[in-house]
Amino acid sequence: MHVLVLNSGSSSIKYQLLDMSGRRRLATGLAERIGERSGRLVHNGEDVGTDGFADHEAGLRAVLDAFAERGPALDEVVAVGHRVVHGGDRFAQPVLIDDDVEKAIGQLIPLAPLHNPANLEGIRVARRVFPDLPHVAVFDTAFHQTLPPEAYTYAVPPEWNVRKYGFHGTSHAYVSRRAAELLGRPYGEVNTIVLHLGNGASVAAVRGGRSVDTSMGLTPLAGLVMGTRSGDVDPGVLPYVARSLGLSLDEIDSALNRDSGLRGLAGENDLREVWRAVDGGDPAARLAMDVYIHRIRGYIGNYYAVLGEVHAIVFTAGVGENDPRTRERALAGLGRLGIAVDPARNAAPARHARAISPDGSGVAVLVIPTDEELEIAEQTINTDGVVRNPPD
Ligand code: ADP
């Protein structure tokens, strides 16, 4: 039983083919710079020569050609799973895509103007290319639809019709479930704080498998300091800079999304570069990392109080999985909360899910590589109408 997972961006299509019987990855690839002459396709690590792709449809057809010429065969694919960033209030679960669902994803574009249009284009193209397969949309926001009103409500005039949605839900779902497995306890009994620290970054408080709070908001701009995004700022900053610097709303929006975060403070959005600058004695980089870590610690305290009892703190994504320094500093001095990091375990390079807290710690500190594609594939085959389970 194979599932093709597609993640369509504005100029790229990332894809994976997974065998769900053995949970094996059979192929991975990326068609990028769609719409440009320099467009290229990397299939299973091999650069496949192309003359570029005019549009997403040409990109996806090139991907199919690569499968046909280089394998593996696509004849056992039972469904296509699509990553969709924003599902609004409407989608709390993955959903089998029909014309109505397509329309609803389109109606959510104002909430995710950078992402949903590309996700939708990918869906339209894939439905044309694979008309006989079921297509499933898996939403980044869906896992956080369990947030209680006190966590998702902004204290602003109700007619604004805005609320917190939260993102990275597929990752938070996968990682929190894996955490329970690693602890050998039922998912429904485990409380976790998940730190998804990549270029984009968010924290989730997960109580017994349900997300109860998360750091991103109406948009993916809120919360932690990110590669290029500011995370939390006083909303009063916006009118202040609009008036004092004469910036337009679009200019402010763009600055908060692209020129802020680590890039804004240190001139670099890649954490490895920022650490290099810190080691070279750059005071701006040092301040950037202090702010980055301070923000993470603030959310850990916040979500510790939200959950009351915490069984595991989990680090995932590019920084969370690979950067012992951030992990160590984020949790330093929290022994009173039952939180400790074993220096040797933390420093040991490893790719697999593991504990980095000392044995017998009150709170397990875990590093768990995220796997959003596997989670999308899993949710795809479990969606009603995709694969009929044989009766017991
Ligand atoms: P995205 O949000 O784009 O999916 P990733 O989860 O791939 O991002 O994370 C990218 C981030 O991970 C980059 O900021 C990069 O610096 C950071 N990163 C990757 N490897 C390391 C490492 N060994 N040490 C510190 N940071 C790392």
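All residue numbers in this chain count up from 1 along the given sequence. These values consider heavy atoms only, across backbone and side chains, with no hydrogens, waters or symmetry-generated copies. Since the model is a prediction, treat every value here as computed from it, not as a measurement. Counting starts at 1 for both ligands and their atoms, in listed order.
Protein heavy atoms are found inside the 4.0 Å sphere centred on atom 23 (N) of ligand 1.
The contact set between ligand 1 and D323, taken as ligand atoms under 4.0 Å from a residue heavy atom, comprises 24 (N), 25 (C). Taking every heavy atom of L271 and a limit of under 4.0 angstrom, the matching atoms of ligand 1 come to 14 (O), 16 (O), 26 (N). For ligand 1, the atoms closer than 4.0 angstrom to any heavy atom of G200 are 2 (O).
Considering backbone and side-chain atoms alike, N199 places an N or O below 3.5 Å from some N or O of ligand 1. Polar contact check, D270 against ligand 1: a nitrogen or oxygen pair lies under 3.5 Å apart. Between G318 and ligand 1, at least one N/O pair is under 3.5 Å apart.
A donor-acceptor contact shorter than 3.5 Å is absent between the side chain of S8 and the backbone of I123.
Judged as a salt bridge (charged side-chain N to carboxylate O under 4.0 Å, His left out), and not counting sequence neighbours, E36 has no contacts. Legend: residues meeting side-chain contact (heavy atoms from CB on, under 4.5 Å) with D65, ordered by chain and number and at least two apart, are E69.
The local environment of CZ in R70 is crowded, with over 12 non-hydrogen atoms from other residues, nucleotides or ligands closer than 6.0 Å. Enclosure of atom CZ in R258 is not indicated, since only 12 or fewer non-hydrogen atoms of other residues, nucleotides or ligands lie within 6.0 angstrom. Remark: R210 CZ is loosely packed, at most 12 non-hydrogen atoms of other residues, nucleotides or ligands lying under 6.0 Å away.
Nearest protein heavy-atom neighbour of atom 17 (C) of ligand 1: V319 CG2, 3.6 Å. Ranking protein heavy atoms by distance to atom 20 (N) of ligand 1, first place goes to R272 NH1, 3.4 Å.
Only the backbone of N269 comes within 4.0 Å of ligand 1, judged by heavy-atom distances.
Screening H86, H115, H196 against F167 for a ring pair (Phe, Tyr, Trp, His ring centres under 6.0 Å) leaves a single residue, H86.
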